[in-house]
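Below is one structure, written out as structure tokens; the observations come after it.
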Amino acid sequence: MTSLFDTGLPEASPDRPLADRLRPSRLDEVVGQDHLLKKDAPLKRMLDGGWLASIIFWGPPGSGKTTIARLLAKEVNMHFEQISAVFSGVADLRKAFDAAKMRRQDGKRTLLFVDEIHRFNRTQQDGFLPFVEDGTITLVGATTENPSFELNGALLSRCQVLVLNRHDEASLRVLMDRAAELEGRPIPLDDAAKTALVKLADGDGRFFLNMVEAVFHSGEEMLDPDALSQVISKRAPAYDKDRDGHYNLISALHKSLRGSDVDAALYWFSRMMDGGEAPFYIARRLVRFAVEDIGMADPNALVQANAAKEAYQFLGSPEGDLAIAQSVIYLATAPKSNAAYRAFKQSKQAARKHGSHMPPKHILNAPTGMMKDMGYGKDYAYDHDAEDGFSGQSYFPDEMKREQYYSPVERGFERDIKKRLEYWARLRAERRGGKTDK
């Protein structure tokens with residue numbers, strides 16, 4: 001089967017894109033993935049042992065997933081077959097499996113590279129299992145999405161998941177030098193423009209080389225950052241609003257708020273907004289954070305978070321963005337407590353554990369004579385009439401011992417709450433003659 005991406009152009013053709021002409025021909029030419037390819041790294045150990053397991057490459061665009069798969073096939077003398085889950089269906093998979101069976105009979109193994117493997121549905125993914133299991137193919141899948149969420153557990157159990165890193169500045173500068181060597185001339189950028197170009201790549205090697213190629217085609221004149229911006233366009237932020245990036249960044253925002261790192265929280269908030277995230281999604285998470293991670297340590301946090309949501313609803317973007325940013329600052333700098341959150345969880349567990357006990361009769365109303373005869377409302381102490389407005393009565397079911405769910409912390413408003421609760425606990429013991437609840 002011919003690859004869907006086979007251009008038919010010879011390897012040295014100047015018509016091939018620069019990124020394709022610079023594609024490494026040996027594994028030791030791959031940059032940015034030393035954690036997989038250096039001595040004692042996972043792939044290096046496999047190759048030194050003369051074998052190759054089925055693999056899922058998980059990494060960002062332009063990190064070298066396809067290139068490494070091609071070179072692995074070359075290293076272990078396997079036929080390289082490439083398909084894309086975007087363009088292929090069951091019929092294409094069947095042809096690939098049948099061809100691999102024929103090669104196997106002739107003593108030739110097949111490395112089947114599946115780009116965007118997460119695009120296959122669960123049934124299609126299951127189709128790989130018998131052919132991976134019996135060795136008809138060695139599967140190398142590539143995905144930009146978290147395999148734990150996007151791939152079948154059965155398929156994952158038969159593969160090793162290897163994570164590829166985004167390119168750092170050092171590896172991108174190596175690619176820049178290689179491009180200059182291939183073109184036979186320096187890239188016409190001053191030092192500041194080179195630094196700007198590296199930042200614009202956002203770790204994507206292929207996109208970086210496409211920008212380098214555009215610079216070469218711009219002429220011989222040396223470009224500064226301002227001139228560079230006229231030659232190339234800004235890369236869109238790498239952010240999928242309904243996939244992994246979405247959940248990673250909202251998690252980073254939540255954890256930064258919890259850690260009271262206001263600057264990091266503002267950074268992740270801005271990253272999400274720059275990536276096109278729905279502001280109401282962020283506002284909803286801030287309201288949740290106010291009750292989950294601040295709670296009674298600063299009850300005004302919930303007011304602030306709700307006010308930001310309403311302000312954004314009234315103003316819209318971009319003016320309303322500042323209201324959400326203000327809420328981020330307030331929540332990050334507020335005292336933190338999850339005592340209310342923990343108390344609610346524990347009380348729910350207790351409610352399920354103890355079943356449907358009746359409330360104690362003394363706190364039940366007695367609207368009828370029969371209920372009064374049954375003891376409803378008997379000996380109820382009206383707390384407002386008691387000293388300090390506190391009667392010390394038990395309000396738990398008679399069948400239950402008293403349990404404590406809420407334990408305030410020594411921070412913010414909860415510090416005062418804790419003192420009041422301790423005071424009431426002492427009064428309760430005194431006014432019940434030292435007697436505790438059952």
Side-chain angles (χ1 to χ4, degrees), residues 247 250-266 268-269 281-310 324-357 359-360 363 383-384 386 388-432 434-438:
Y247 297 107
I250 195 63
S251 176
L253 172 60
H254 196 127
K255 301 298 195 306
S256 300
L257 291 170
R258 183 179 290 156
S260 300
D261 191 331
V262 62
D263 298 309
L266 284 169
W268 294 118
F269 164 67
Y281 173 76
I282 301 174
R284 178 183 179 277
R285 176 58 71 102
L286 296 181
V287 171
R288 169 188 162 185
F289 180 88
V291 294
E292 179 179 329
D293 287 274
I294 297 175
M296 293 302 297
D298 183 356
N300 198 46
L302 178 57
V303 177
Q304 289 286 331
N306 265 317
K309 174 184 68 72
E310 292 174 5
I324 301 178
Q326 178 177 311
S327 177
V328 168
I329 294 170
Y330 189 98
L331 299 181
T333 56
K336 306 299 187 298
S337 171
N338 69 343
Y341 175 68
R342 287 186 288 108
F344 179 53
K345 287 180 64 176
Q346 292 173 22
S347 64
K348 286 203 300 182
Q349 292 171 359
R352 296 189 185 105
K353 173 184 175 183
H354 293 292
S356 303
H357 295 313
I363 65 171
D383 287 81
H384 292 293
D388 297 315
F390 181 78
S391 68
Q393 286 188 308
S394 173
Y395 297 95
F396 273 94
D398 292 333
E399 298 86 351
M400 277 182 66
K401 291 182 179 178
R402 180 172 192 83
E403 296 182 353
Q404 181 177 352
Y405 311 126
Y406 180 50
S407 298
V409 299
E410 288 280 359
R411 286 188 293 276
F413 189 70
E414 278 199 322
R415 185 182 293 112
D416 295 330
I417 295 176
K418 185 173 185 179
K419 291 178 182 177
R420 285 199 296 272
L421 290 179
E422 290 172 347
Y423 174 66
W424 289 336
R426 289 195 301 271
L427 283 183
R428 182 180 292 110
E430 291 171 4
R431 293 179 183 178
R432 303 190 68 200
K435 185 175 66 174
T436 61
D437 297 334
K438 292 182 181 179

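Everything numeric here is computed off the predicted structure, so don't read it as measured data. For reference, positions follow the sequence shown, starting with 1. Computed from heavy atoms alone, side chains included, the values below leave out hydrogens, waters and symmetry copies.
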Margin query: Holding to side-chain contact (heavy atoms from CB on, under 4.5 Å), I want the full list of residues that pass it with Asn300, two or more places apart in sequence or in another chain.
Written below: Asp298, Val303, Gln304, Tyr330
Check: Quick one: salt bridge (Lys or Arg N to Asp or Glu O under 4.0 Å) pairs with a partner in residues 285-296, sequence neighbours left out?
Finding: Arg258-Glu292, Arg258-Asp293, Arg288-Glu292
Next item on the list: Measure the shortest side-chain to side-chain distance between Ser260 and Lys336 over non-hydrogen atoms and say whether it is less than 4.5 angstrom.
Entry: yes
Item checked: Partner set under side chain to side chain donor-acceptor pair (under 3.5 Å) for Asp383, not counting sequence neighbours -> Ser391, Tyr395
Item checked: Contacts of Arg415 that satisfy salt bridge (charged side-chain N to carboxylate O under 4.0 Å, His left out) - sequence neighbours left out -> Glu410
Notebook entry, point to check: What pairs with Lys255 under side chain to side chain donor-acceptor pair (under 3.5 Å), at least two apart in sequence or on another chain?
Noted result: Ser251
Notebook entry, point to check: Given side chains that start at C-beta, do those of Arg428 and Phe390 come closer than 4.5 Å, heavy atoms only?
Noted result: yes
Margin query: On a heavy-atom basis, which atom in Ser256 and which in Ala252 lie closest, and how many Å separate them?
Written below: OG-O, 2.7 Å
Next item on the list: Report yes if some heavy atom in the side chain of Glu422 is under 4.5 Å from a heavy atom in the side chain of Lys418; otherwise report no.
Entry: yes
Check: What distance do Ser327 atom OG and Lys309 atom NZ have between them, rounded to the nearest 0.5 Å?
Finding: 11.5 Å
Item checked: Interatomic spacing from NE2 in His354 to CE in Met400 - rounded to 0.5 Å -> 3.5 Å
Note to self: Which heavy atom of Ala297 sits nearest to which heavy atom of Glu414, and what is that distance?
What the structure shows: N-CG, 3.4 Å
Note to self: Tell me every residue that passes side-chain contact (heavy atoms from CB on, under 4.5 Å) with Lys345, counting only those two or more places apart in sequence or in another chain.
What the structure shows: Tyr341
Notebook entry, point to check: Taking only residues two or more places apart in sequence, or in another chain, which ones meet Thr333 in a side chain to side chain donor-acceptor pair (under 3.5 Å)?
Noted result: none
Margin query: Checking Glu403 now: which residues fulfil salt bridge (charged side-chain N to carboxylate O under 4.0 Å, His left out) with it, not counting sequence neighbours?
Written below: none
Margin query: Could you work out, with side-chain contact (heavy atoms from CB on, under 4.5 Å) as the rule, every residue matching Ala290, not counting sequence neighbours?
Written below: Ala301, Leu302, Ala305, Leu331
Margin query: Looking only at the side chains, is there a donor atom on one of Gln349 and Tyr405 sitting less than 3.5 Å from an acceptor on the other?
Written below: no
Checklist line | Which atom of Ala339 lies closest to which atom of Pro408, heavy atoms considered | finding: CB-CA, 4.0 Å
Next item on the list: Could you tell me whether the side chain of Ile417 reaches within less than 4.5 Å of the side chain of Arg420, counting heavy atoms only?
Entry: yes
Checklist line | For Tyr423, all residues meeting side-chain contact (heavy atoms from CB on, under 4.5 Å), sequence neighbours excluded | finding: Asp388, Arg426, Leu427
Next item on the list: Taking all non-hydrogen atoms of both residues into account, name the closest pair between Tyr406 and Ala340 and its distance.
Entry: CE1-N, 4.0 Å
Checklist line | Partners passing side chain to side chain donor-acceptor pair (under 3.5 Å) against Ser347 (at least two apart in sequence or in another chain) | finding: none
Checklist line | Atom pair CD1 (Ile329) and CG (Asp263), whose distance is rounded to the nearest 0.5 Å | finding: 9.0 Å
Check: Who passes ring pair (Phe, Tyr, Trp, His ring centres under 6.0 Å) against Phe289, sequence neighbours left out?
Finding: His254
Check: Is any side-chain heavy atom of Leu257 less than 4.5 Å from a side-chain heavy atom of Leu253?
Finding: yes
Check: What's the shortest heavy-atom distance between Val328 and Ala265, and which atoms?
Finding: CG1-CB, 3.8 Å
